[in-house]
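Okay, so here's the structure we're looking at.
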Amino acid sequence: MHSHQPTIFVSLPVLDESENISAVLDNIRSQDFEGCIRVFVCVNQPDEWWADTDKVDICIDNQRSIELLSSEKRLDIEIIDRSSPGKGWQGRKHGVGYARREIMQAIAAVADSNDIIISLDADTAFNPGYFTSVVETINQNPECSALSVPYFHHLTGNPIADRAILRYEIYMRTYAINLLRIGSPYAFTALGSAIALTVNNYKSIGGITPKMSGEDFYFLQKLRKKGNVACWNQEKVFPAARFSDRVYFGTGPAMIKGAAGDWSSYPIYNHNWFDEIGETYRLFSSLYTDDLPTPMDDFISETFLEEKIWSTLRKHSRTEERFIRACHEKIDGLRILQYLKWKQRKNPLKDEDNLAWFLTCFFPDAADLSGFIFKSFDFAAAPIADLERIRNFLTKTEEVLQKRL
């Protein structure tokens, strides 16, 4: 064992996951990392579920998870019990965001500043070299505040689930590629099962802000305002493609809504709208000297309820560099998403058309897409093999762009 190796602290929230516990522990035990690994698990659910006939089975499953974790002898596991009667979440403060916060705060209390937190989910798979690859990436990018790890969903063989996850992944990847294309600081995908950072960087932002779900998005956004978020790693993670309502939004709920025909929360946005954001970015330098019209003006005045956000930012920025940074902090990842939704409401466009325009505009000669007739393309009717082909092409394209950062 190398004495200079950081300790890896695995952050693992668990709710209704007893069937996945053995596999994730196997994956952790199989790591080739030569340093110390400690696993912190928060088994959690609202305490009131014990009295709810629709939810009590989850409580019982959580107790099974605690038994499985307690019987593990080969790994150093710390169990945070937010499940047993009287120990569950109280009131509205519950969910995966609160579990991640509880785990990471417990880790921060005992870890050294250069130790590394790897955030996982119980249904996520990864190769034996994963932990080592994370340490190497973090060591090679000391200026970065965090690592957003590349991901890939393996198909299940269930046509309904496979169609839903491919459609969702096409949404996520077109979104990320467009942000990478315009040079957005927020060009990363926030998955709670695919984040790693040093304990020092965790503490420096005051930790993760607990939310019922979506905490990973706000967590990475907070970290990005501290420093760059790396989004390339030699190894990736493989989250499960499954229908799940354990969180309020994210992969599981998206698949449930999508399989029922509702993709309204996850549209393929028109690439021209990303160009408008990029054009606004390019004006930041000029806005340091004087107010100028930007493509986002109407949205900005509606959202911030003030016409003069640039002059306010100028007042508090001593240098142009600081002003540009302040602009990116104001027009952050959340505002980008809100802008795209705002544009979509004003000009609803078909997902298939937006995807076709995007692919034919930027990748007209892509061999991987040869033979596609986008004029008749329909997400609901397309063969799963075609959706997989598009997803795989977008995955490769995103990886190329990530490596260039």
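Screening residues 290-300 for side-chain hydrogen bond (donor to acceptor under 3.5 Å, both in side chains) gives Asp291-Arg314, Thr294-Asp297 as the qualifying pairs, with residues at least two apart or on separate chains. For residues 64-91, the set of pairs meeting the ring pair (Phe, Tyr, Trp, His ring centres under 6.0 Å) definition, not counting sequence neighbours, is empty. Pairs passing the ring pair (Phe, Tyr, Trp, His ring centres under 6.0 Å) check and including a residue from residues 107-152, sequence neighbours excluded, read Phe126-Tyr130, Phe126-Phe131, Tyr151-His153, Phe152-His154. Within the structure, ring pair (Phe, Tyr, Trp, His ring centres under 6.0 Å) contacts touching residues 32-79 (residues at least two apart or in different chains) are Phe9-Phe40. Counting only residues at least two apart or on different chains, the ring pair (Phe, Tyr, Trp, His ring centres under 6.0 Å) pairs with a member in residues 293-314 are Phe284-Trp310, Phe299-Tyr339, Phe299-Trp342.
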> Can you list the steps and then say if Tyr175 with Tyr266 is a ring pair (Phe, Tyr, Trp, His ring centres under 6.0 Å)?
Replying inline: CA-CA 10 Å; Tyr175 194 98; Tyr266 308 96; over 10 Å; no
>> As a quick check of understanding, evaluate side-chain hydrogen bond (donor to acceptor under 3.5 Å, both in side chains) for Arg38 and Thr7, giving each step before the final call.
In response: CA-CA 7 Å; Arg38 298 188 63 188; Thr7 295; over 6 Å; no
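Asn44 has its side chain out of reach of Asn62: every pair of non-hydrogen atoms, C-beta onward, lies at least 4.5 Å apart. Glu102 has its side chain within reach of Arg82: a pair of non-hydrogen atoms, C-beta onward, lies under 4.5 Å apart. Using a 4.5 Å heavy-atom threshold, the side chains of Glu276 and Lys343 count as touching. Inter-residue side-chain proximity for Arg404 and Leu401 is flagged as met; some heavy-atom pair is nearer than 4.5 Å. Taking 4.5 Å as the limit, every side-chain heavy atom of Lys93 sits out of range of all side-chain heavy atoms of Pro210. No side-chain heavy atom of Ile66 sits under 4.5 Å from any side-chain heavy atom of Leu68.
A side-chain donor-acceptor contact under 3.5 Å links Gln402 and Glu398. Remark: the Gln338 side chain and the Arg335 side chain contain an N/O donor-acceptor pair separated by less than 3.5 Å. Of the N and O atoms on the side chains of Lys222 and Thr209, at least one donor lies less than 3.5 Å from an acceptor on the other residue. Donor-acceptor pairing under 3.5 Å is recorded for the side chains of Arg173 and Thr395. Using modelled atom types and a 3.5 Å distance limit, the side chains of Glu17 and Asn20 yield a donor-acceptor pair. If you check the side chains of Asn114 and Thr198, you find no donor sitting under 3.5 Å from an acceptor.
Residues Arg345 and Pro348 approach most closely at O-CD, 3.7 Å, considering heavy atoms. The two atoms that bring Gly129 and Gln31 nearest to each other are C-OE1, 4.0 Å, heavy atoms only. Nearest approach of Val199 to Ala108, heavy atoms of both residues: CG1-CA, 4.2 Å. The two residues Ile103 and Cys42 make their nearest non-hydrogen contact at CG1-CB, 3.4 Å. The two residues Glu352 and Phe379 make their nearest non-hydrogen contact at OE2-N, 3.0 Å.
The side-chain hydrogen bond (donor to acceptor under 3.5 Å, both in side chains) search around Asp353 returns none, not counting sequence neighbours. Residues meeting the side-chain hydrogen bond (donor to acceptor under 3.5 Å, both in side chains) test with Lys226, sequence neighbours left out: Asn201. By the salt bridge (Lys or Arg N to Asp or Glu O under 4.0 Å) test, Lys225 is found to be paired with Asp332, residues two or more places apart in sequence or in another chain being considered. Under the rule for a side-chain hydrogen bond (donor to acceptor under 3.5 Å, both in side chains), Asn392 has no partner lying at least two apart in sequence or in another chain. For Arg29, the salt bridge (Lys or Arg N to Asp or Glu O under 4.0 Å) partners are Asp26, Glu72, not counting sequence neighbours. The side-chain hydrogen bond (donor to acceptor under 3.5 Å, both in side chains) test applied to Asn127 returns Glu235, not counting sequence neighbours.
For Lys341, the NZ atom counts as densely surrounded, since its 6.0 Å shell holds more than 12 non-hydrogen atoms of other residues, nucleotides or ligands.
Of the possible polar contacts, one joining the Asp52 side chain to the Asp54 backbone as a donor-acceptor pair under 3.5 Å is found. Side-chain atoms of Asp47 come within 3.5 Å of backbone atoms of Gly86 as a donor-acceptor pair (strictly under, hydrogens ignored).
Note on Arg322 versus Glu329: salt bridge recorded, some NZ/NE/NH1/NH2 to OD/OE distance being below 4.0 Å. Between Asp121 and Arg100 there is a salt bridge, since a side-chain N of the basic residue sits under 4.0 Å from a carboxylate O of the acidic one.
When each of Asp386, Asp351, Asp378 is checked for a salt bridge (Lys or Arg N to Asp or Glu O under 4.0 Å) with Arg167, only Asp351 meets the rule.
In this structure, the ring of Phe358 has its center no less than 6.0 angstrom from the ring center of Tyr269.
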Distance-only donor-acceptor pairs under 3.5 Å for side chains of residues 181-192, two or more places apart:
| unit_1 | atom_1 | unit_2 | atom_2 | d |
| --- | --- | --- | --- | --- |
| Arg181 | NE | Asn178 | OD1 | 3.0 |
| Arg181 | NH1 | Asp275 | OD1 | 2.7 |
| Arg181 | NH2 | Asn178 | OD1 | 2.9 |
| Arg181 | NH2 | His271 | O | 3.3 |
| Arg181 | NH2 | Asp275 | OD1 | 3.0 |
| Ser184 | OG | Tyr186 | N | 3.0 |
| Ser184 | OG | Tyr281 | OH | 3.0 |
| Tyr186 | OH | His328 | O | 2.8 |

